[in-house]
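Chain A is the first sequence line, chain B the second, and so forth, proteins listed ahead of strands; every chain is numbered from 1.
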Protein chains: 2
Amino acid sequence: MSTDLLTDESCGLRERKKRETRRALNLAALDLVEEKGFTAVTTEEIAARAGVSARTFFNYFPSKEAAVIGTTAEELESYAAALEQDVEGETPLESLRRILAGMLAPASIDRELRARRRRILLGEPSLAPALVGNNIRIENALTAALERRLGVQPGASLEARLTVAVAIAAVRACIEHQQNGGSGRLERNIDQAFDRIAAGLR
Amino acid sequence: MSTDLLTDESCGLRERKKRETRRALNLAALDLVEEKGFTAVTTEEIAARAGVSARTFFNYFPSKEAAVIGTTAEELESYAAALEQDVEGETPLESLRRILAGMLAPASIDRELRARRRRILLGEPSLAPALVGNNIRIENALTAALERRLGVQPGASLEARLTVAVAIAAVRACIEHQQNGGSGRLERNIDQAFDRIAAGLR
DNA sequence: GCCGAAAGTGCAGTCACTGCAAAATTGCAG
DNA sequence: CTGCAATTTTGCAGTGACTGCACTTTCGGC
């Protein structure tokens, strides 16, 4: 069991090929959704474009939605690790703001892919339920990480989950606001939202 | 075209029968899910137990999940109306606490049904994505109501949606905490959560 | 009782998703 | 390099959610 999180973990050919296939499926799904819209895309098409059989598709993703969203366990672990680390002079909420904003912002690497993914995912209303469902996974991973950071037993106190859930909800609200033609830039609104939450909502 | 929104709208036999059918489908769905678990229940079974054809099922609910959850537009309107009303000396967040807690608490009427519904819905992990998806509907309805209460244009300011989204997230976090064997009674935890949010999270 | 509208129903079809068993591929030991 | 074992891919057959369409039934007003 190799957990070489730092290196590319591309040790075995087998593992590398699985990653490539997964990525190919995700990219194919994004392409097709962009072309035809989510509901008009079939899992067979995605599989065909990725060069695998229809059956193999479901070896990689449990649903069509999951293939389009494509969040990997590694991503979750990476975010969790970032939150677990106690940064000097940063409250948990501030860490969450930084990490969640980082998930949205086109990062240094993968600039265009991240931007494109964001545009496609948010532009598809039929994906909205799946997206909030995906947020549950993120919430669980981040909650466990924050519990470790705070040194409490998993599920022992409400604090960790409450903070994470509220932070994710804040980001979601800002995104929704943006989608509805709301004012201001997304990052600015997120900052504002977290400021309000830190100051106490009325 | 009867738009008698004021009266109980149970005027015509047609309207009453639709309500009854919808309710019958929802109750049948709850029964069956309790008996066999969500995934083992088919829409045909639900329809059969409710005394309608398989096809008619989909005239009432767009999906199996929706039939089990069963949130009606009337319920949404009722919650929205409650939030829109500006109660003396109550901040929006306090109103939300009262209303959302009321949605969970077995009300004066429908005591057992509400309790049973809550138990069945929360006890089915396979329903979790659909439940958070349903929360979007609630969030939208409550956001619109709060915007009216605050006298702002729909989507103009971030405040309304942020407050509603955070409040719903808080309740969800408390429920999750409960489901994971967390300490304390649900209502008490919700009070605590809202207190923390009003005081400002860290 | 009659007529237009609304609701219920049957039918055929598409597609997501699953279990199973055979076939292909890969990693490894000899 | 070669066969062996584990893993992965694939085909096949099946279930069940969901849809569009056309037809019948039912309801409400006149």
Are any of [X]'s side-chain N or O atoms less than 4.0 Å away from OP1 or OP2 of [N]?
X	N	result
A/Thr42	C/dC15	no
A/Thr56	D/dT9	no
A/Lys17	D/dT8	no

How long is the line joining [atom1] of [X] and [atom2] of [N], in whole Å?
X	N	atom1	atom2	value
B/Phe57	C/dA7	CZ	C1'	17 Å
B/Glu44	D/dC18	CD	C1'	12 Å
A/Lys64	C/dC17	NZ	P	8 Å
A/Asn59	C/dA24	CG	P	17 Å
A/Tyr60	D/dT8	OH	P	8 Å
B/Arg16	C/dA7	CZ	C1'	16 Å

Considering only D/dA17, C/dG8, C/dT9, which nucleotide approaches the side chain of B/Thr21 most closely?
C/dG8
Consider only side-chain N and O atoms of A/Asn26 and A/Arg23, and report whether a donor and an acceptor are under 3.5 Å apart.
no
Regarding A/Arg185 and A/Asp191, does a basic nitrogen lie under 4.0 Å from an acidic carboxylate oxygen?
no
Close N or O pairs between protein and nucleotides 19-22 of chain D (under 3.5 Å):
| residue | atom | partner | partner atom | Å |
| --- | --- | --- | --- | --- |
| D/dG20 | N7 | B/Arg55 | NH2 | 2.9 |
| D/dG20 | O6 | B/Arg55 | NE | 2.4 |

Sorted by first residue and then second, give each salt bridge (charged side-chain N to carboxylate O under 4.0 Å, His left out) pair with at least one member in residues 24-44 of chain A; sequence neighbours left out.
A/Asp31-A/Arg116, A/Glu34-A/Arg116, A/Glu34-A/Arg119, A/Glu35-A/Arg49, A/Lys36-A/Glu45
